Structures are given as C-alpha cells and as structure tokens.
Amino acid sequence: HFLQSLAQAERAKAFDKIAGLYSNIAGVYKSQGDYRQALVYLKKAYEIDTRRKDPKAVSYWINAGILHKDLNQLDSALFCYETRLAIAKAENDDEYIARVSYNMGNVYALKAEPATATRFFEQTLLYAQKAGKQAFEAKALAGLAETYVGIRNYRLAEEYATRTLELSVRENMKETQEVALRILSACAAESNSFKEAFAYQKQYNILKDSIASESRRKAMAEMQVRFETRLKEQELSELKYQKEGHQRWLWLISVDSPG
C-alpha cells in the first residue's frame, strides 16, 4: 500500500508525502529485520527533507544510528549519534541529549568499552533528570548497573540496580524492573546471599513471564485485527464481484430482450 501511494505521490510531485512514505517504508523493512533496505529508504527520505529544508530531516540521524547498530556497524552508528547529539546540544534539548547519550552508551557497551559506556549513561542520567524524563532516568540507571556487573564491580552494580528497581516500580516500568531484578540476583549470589538471590530470581521469573504473556496477548490482538481486516476485504471483494456479475446479467437480458 505504501509503494502504491508512493507511485501516486511521485506522479503528483508531492515531495512532502514522498519523504513521509519513504520513512514509513523504512519502518516496515526494519520491522521485518531487513535493516539494509530500511537504510536505503531512510536515506531517500533524508535527502528530500534536506532539500526541502524540512526540520524532520534531523530525525534521520538517530534512526540511521539505530539501523547501523542493528547491522553491527557500530562506528557508523556512533557517527550518526554524534551528529544528532551535537544538534541536540546546540538546541539545548535536554530530552534529546539524554536519548542520544543512552543510545551511545549502549553502542560503547557493545564495543566492550565500559568506561566510555559509563560516561554516556551518566550523561543520560544527568539530562534525563534535568528534562524530567523518568523513563530515560530508569534506562540510564539500568545501563550503569549492567556495565558495572559486566566488569564485576558488584557493589556499584547493586547500588544502581536498587535505584533502577525503586524508580521502575514507582513508574510501573516492567522492562527496567526485569533488568534490575536479574542484576540484583546476580549480585546477591556473588556475595553468597543465596536466599536473597533466590528471592530476586523468583521475582524476575514472575515478571519475565508476565512481560512475555503481555507480548503474546498484543501479538494475538494484532493478528486478530489483521484477520478481521482480511476477512472484511474478502467480503467486500465478493460483494463487488456479485454486484458486477448481476449488472452484467441485467445488461445481457436487456440486450437479448425484444425491442
């Protein structure tokens, strides 16, 4: 449907619509795991938005960074994030500084550079607090906990995981709760507090199952919507076919009837 709309938009030279459709097509390819094709269409959208001096062009950098990360092209991802971070700092956009810094922290963690990852997670935490964005505050704390447990600094890992859990429970953020409980269990086990480790692990398993069940419910609901939409399309198609057949039959009768 997007490709059909794109053909019409191209004929009409509706460049704002073309850029939006390129971006949507990129999103579909990303959801299918075809990150290379997603990048192709994302770049096309960026080129049009840049020519039109559309402010939406700036969104390219973080989206491209995510795709490069998915392709394990970590240096390219960092280049995109650094470009977007410079823009956010020039605009004093605290929320976006937090958002991009978090993504950069994740890339440096993948590159096995814990000191740099820690620096960016701390920057995320600082700007998330300034912007009042508790979701990114929790993500930053979880990133710090993950980094410290990775370098076997269990004292700091436990400290940040505890803070992650407190904020995540308060804000009902299940994904970061899950990370915190897993790390707290690992830290307790490392200090031979096995009863405490088991308690955290039990909470972790319950929460993990709950998140998985919720994901399955969402997937089933989406599948049901797609099925019902498809069924409706078939019904409309059949009605159209029957109507056209009836009209042809009437036409044939009128032709064959005596004048």
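Numbers here are sequence positions counted from 1. Because the structure is a prediction, the values reported are computed rather than measured.
With hydrogens and angles ignored, the 3.5 Å screen pairs a side-chain donor or acceptor of Asp93 with a backbone N or O of Tyr96. Judged by distance alone, the side chain of Ser76 and the main-chain N or O of His68 form no donor-acceptor pair under 3.5 Å. When atom types are taken as modelled, the side chain of Tyr200 and the backbone of Ile183 share no donor-acceptor pair closer than 3.5 angstrom. Checking side-chain atoms of Ser101 against main-chain N and O of Ile97 turns up a donor-acceptor pair under 3.5 Å. Remark: the backbone N or O of Leu181 is not paired with any side-chain donor or acceptor of Ser185 at under 3.5 angstrom.
The environment of NZ in Lys17 is sparse: at most 12 heavy-atom neighbours from other residues, nucleotides or ligands sit within 6.0 Å.
Phe15 is connected to Phe2 through a chain of hydrophobic side-chain contacts under 4.5 Å among Ile, Leu, Val, Met, Phe, Trp and Tyr, so both are in one cluster. Leu167 and Val179 fall into different hydrophobic clusters, where Ile, Leu, Val, Met, Phe, Trp and Tyr residues are linked whenever their side-chain heavy atoms come under 4.5 Å apart, directly or through other members. Under the 4.5 Å side-chain heavy-atom criterion for ILVMFWY residues, a single connected hydrophobic cluster contains both Val58 and Tyr46. Both Tyr127 and Ile62 are members of a single hydrophobic cluster when ILVMFWY side chains are connected at heavy-atom separations under 4.5 Å. Ile18 and Leu39 sit in two unconnected hydrophobic clusters of ILVMFWY residues. Membership requires side-chain heavy atoms under 4.5 Å apart, directly or through other members.
Heavy-atom minimum distance, Ser59 versus Asn63: O-ND2, 3.1 Å. Contact detail for Ala109 and Ala117: the closest heavy-atom pair is N-CB, 3.7 Å. Here the closest heavy-atom approach between residue Ala128 and residue Ala98 is recorded as N-CB, 3.7 Å. Considering all non-hydrogen atoms of both residues, Ser210 and Lys174 come closest at OG-NZ, 3.7 Å. When all heavy atoms of Ala145 and Ala161 are compared, the closest pair comes out as CB-N, 3.7 Å. Scanning both residues, Glu178 and Leu207, for their nearest heavy atoms gives N-CD2, 3.4 Å.
Contact annotation: the side chain of Lys202 never approaches that of Asn205 to less than 4.5 Å [non-hydrogen atoms, C-beta and beyond]. Residues Met173 and Gln134 have side chains not in contact (no heavy-atom distance under 4.5 Å, counting atoms from C-beta outward). In this structure, the side chains of Gln203 and Gln177 stay at 4.5 Å or more apart for every pair of heavy atoms. Residues Lys30 and Asp70 meet the side-chain proximity criterion, which asks for heavy atoms closer than 4.5 Å. With a 4.5 Å cut-off on side-chain heavy atoms, Arg155 and Asn153 count as touching.
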Practice task
Take Ile66 and Tyr81, measure what side-chain contact (heavy atoms from CB on, under 4.5 Å) needs, and give me the verdict at the end.
Solution key: CA-CA 9 Å; Ile66 291 166; Tyr81 290 147; 3.5 Å; yes
Practice task
Take Leu125 and Leu141, measure what side-chain contact (heavy atoms from CB on, under 4.5 Å) needs, and give me the verdict at the end.
Solution key: CA-CA 7 Å; Leu125 184 60; Leu141 291 168; 4.0 Å; yes
Practice task
Apply side-chain contact (heavy atoms from CB on, under 4.5 Å) to the pair Thr147 and Phe121, showing each step before the final yes or no.
Solution key: CA-CA 9 Å; Thr147 304; Phe121 286 136; 3.4 Å; yes
Handout entry: side-chain contact (heavy atoms from CB on, under 4.5 Å) assessment of Ile211 paired with Lys208
Key = CA-CA 5 Å; Ile211 292 170; Lys208 186 179 180 182; 5.9 Å; no
Problem - Verdict with reasoning, Arg119 to Glu113, per salt bridge (Lys or Arg N to Asp or Glu O under 4.0 Å) - result: CA-CA 10 Å; Arg119 179 163 60 85; Glu113 297 183 29; over 6 Å; no
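Checked for salt-bridge contact, Arg182 and Glu146 meet the test: a charged N lies under 4.0 Å from a carboxylate O. A salt bridge does not link Arg51 with Glu47: none of the charged nitrogens is closer than 4.0 Å to a carboxylate oxygen. Contact check on Lys133 versus Asp94 returns no salt bridge, with no Lys/Arg side-chain nitrogen under 4.0 Å from an Asp/Glu carboxylate oxygen. For Glu95 and Lys130, the salt-bridge test fails: no basic side-chain N is under 4.0 Å from an acidic carboxylate O.
Distance check: Tyr60 OH to Thr83 OG1 gives 9.5 Å after rounding to the nearest 0.5 Å. Here the SG-CD distance, from Cys80 to Gln73, works out to 9.5 Å after rounding to the nearest 0.5 Å. In this structure, the separation between CG on Leu110 and CG on Leu78 is 9.5 Å, given to the nearest 0.5 Å. If you take NZ on Lys139 and CG on Leu144, they are separated by 14.0 Å, rounding to the nearest 0.5 Å. Separating the CG atom in Asn72 from the CG atom in Leu74 is a distance of 4.5 Å, to the nearest 0.5 Å. Atom CG in Asn24 sits 11.0 Å away from atom CG in Leu3 (nearest 0.5 Å).
When only modelled atom types and interatomic distance are considered, Ser168 and Thr176 share a side-chain donor-acceptor pair under 3.5 Å.
Taking the six-membered ring wherever Trp is involved, the centroid distance between the rings of Phe120 and Tyr108 falls below 6.0 Å.
Residue Lys111 is tested with Asp75, Asn106, Thr116 for a side chain to side chain donor-acceptor pair (under 3.5 Å); the sole match is Asp75.
Using bins of under 30°, 30° to 60° and over 60° for the plane-to-plane angle, the ring pair Phe136/Tyr102 lands in the perpendicular bin. Under the 30°/60° scheme for interplanar angles, the aromatic rings of Phe79 and Trp61 are found to stand perpendicular.
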